Amino acid sequence: MARAGGPLAPRISAPDLPPQLEDVTGLERRADLLGARIVGLEGVTDASHSRLEECAVAEASVARLDLTGAVLTDVAISQLRATEVVARESRWRNVLLAGGRIGTFDLSGAELDSVELRGVRVDYLSLRGATVGDLLVTDCTIQTLDLPLATLSRVRFDGSRADEVATDGLRAEHTDLRGLEALAVTRPDALRGTTLSSAQVEQLAPAFASALGIDVRD
């Protein structure tokens, strides 16, 4: 649960990239890249179980990017446009995803450590069953944020918005939601360990009352 002094801030480290990167066109299954600037991603790209370290992914437009089981360390991804990004059971450390538009972003069961999402538009972001430590979400617009059974620690939202947040089975500590404008939360009683503003609590009061079995009438 959050301490009396407030939630701890996420510890975010920018990707540690070398001054010069080698251009590599495309990605393939089980790729193992170090110090690469990845260009030319298009169509359906299967990079499942790949290992990317100290890499940059240039602006790309893809129908599907499969990163299932992949390991990303010190990776910067900019202006990615994708109908679907599947990154189930993947591991992300010191990763920046900046800009772009993603339809479905599936991080179910993933492990995230020192990750920043900045200025990204996502229709459906799933962190179902994920283990998330040190995540910063800034200036993002998300239609549905799916958090069932996720474990969150040192997570903060700034200037972001979500139409719906699904929280069934959520486990959280030091999770600052004051910068997330959420229009609906499926299980307000699962927000234990998060920090909300007084305005958010007022907005969610009817849902809290319903979750606690309180009949509110005028």
Side-chain angles (χ1 to χ4, degrees), residues 1-12 68 84-92 95 97 101-216:
M1 297 179 63
R3 298 178 181 176
L8 295 178
R11 299 170 297 192
I12 301 297
T68 301
E84 183 179 26
V85 176
V86 180
R88 303 186 193 106
E89 307 295 336
S90 58
R91 287 183 287 164
W92 300 47
V95 176
L97 176 60
R101 175 72 182 266
I102 300 173
T104 297
F105 191 5
D106 189 353
L107 286 161
S108 300
E111 297 179 15
L112 276 59
D113 181 10
S114 181
V115 172
E116 181 178 0
L117 306 182
R118 184 193 303 161
V120 186
R121 294 179 62 88
V122 185
D123 292 341
Y124 176 74
L125 172 58
S126 176
L127 289 166
R128 177 180 291 269
T131 301
V132 181
D134 299 303
L135 170 66
L136 177 60
V137 181
T138 304
D139 297 329
C140 291
T141 301
I142 303 164
Q143 289 188 13
T144 300
L145 177 58
D146 198 35
L147 299 175
L149 303 177
T151 301
L152 308 183
S153 179
R154 295 182 305 276
V155 173
R156 190 175 78 212
F157 290 81
D158 287 333
S160 296
R161 172 189 172 95
D163 290 346
E164 180 180 70
V165 182
T167 55
D168 305 62
L170 173 66
R171 290 163 289 184
E173 63 174 6
H174 302 294
T175 297
D176 192 345
L177 302 179
R178 289 174 293 179
L180 177 65
E181 181 185 352
L183 301 184
V185 177
T186 59
R187 287 286 301 275
D189 55 324
L191 292 175
R192 183 185 301 271
T194 69
T195 299
L196 300 172
S197 69
S198 56
Q200 287 172 312
V201 172
E202 183 176 351
Q203 177 187 351
L204 293 171
F208 281 128
S210 177
L212 293 171
I214 299 173
D215 185 18
V216 178

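Keep in mind the model is a prediction, meaning the values are calculated, not measured.
When the side-chain contact (heavy atoms from CB on, under 4.5 Å) test is applied to Ser108, the partners found at least two apart in sequence or on another chain are Arg88, Asp106, Ser126, Arg128. Taking the side chain to side chain donor-acceptor pair (under 3.5 Å) definition, one finds that Ser197 meets it with Gln200, sequence neighbours left out.
With contacts defined as side-chain heavy-atom distances shorter than 4.5 Å, the pair Trp92/Leu107 qualifies. Between Glu84 and Val86 there is a side-chain heavy-atom pair separated by less than 4.5 Å. In this structure, the side chains of Leu177 and Leu191 come closer than 4.5 Å at one or more pairs of heavy atoms. A 4.5 Å side-chain heavy-atom check between Leu170 and Leu152 finds at least one atom pair inside the cut-off. In this structure the side chain of Arg101 reaches within 4.5 angstrom of the side chain of Asp123, judged on heavy atoms. The closest side-chain heavy-atom distance from Leu183 to Arg161 is below 4.5 Å.
Applying side chain to side chain contact (heavy atoms under 4.5 Å, CB included) to Leu112 and the options Leu117, Leu127, Val95 leaves one that passes, Leu127. Residue Phe157 forms a side chain to side chain contact (heavy atoms under 4.5 Å, CB included) with just one option from Val137, Asp139, Leu135, and that option is Val137.
Looking at every heavy atom in both residues, Leu8 comes nearest to His174 through N-ND1, 3.1 Å.
Within a 6.0 Å radius of CZ in Arg118, other residues, nucleotides and ligands contribute 12 heavy atoms or fewer.
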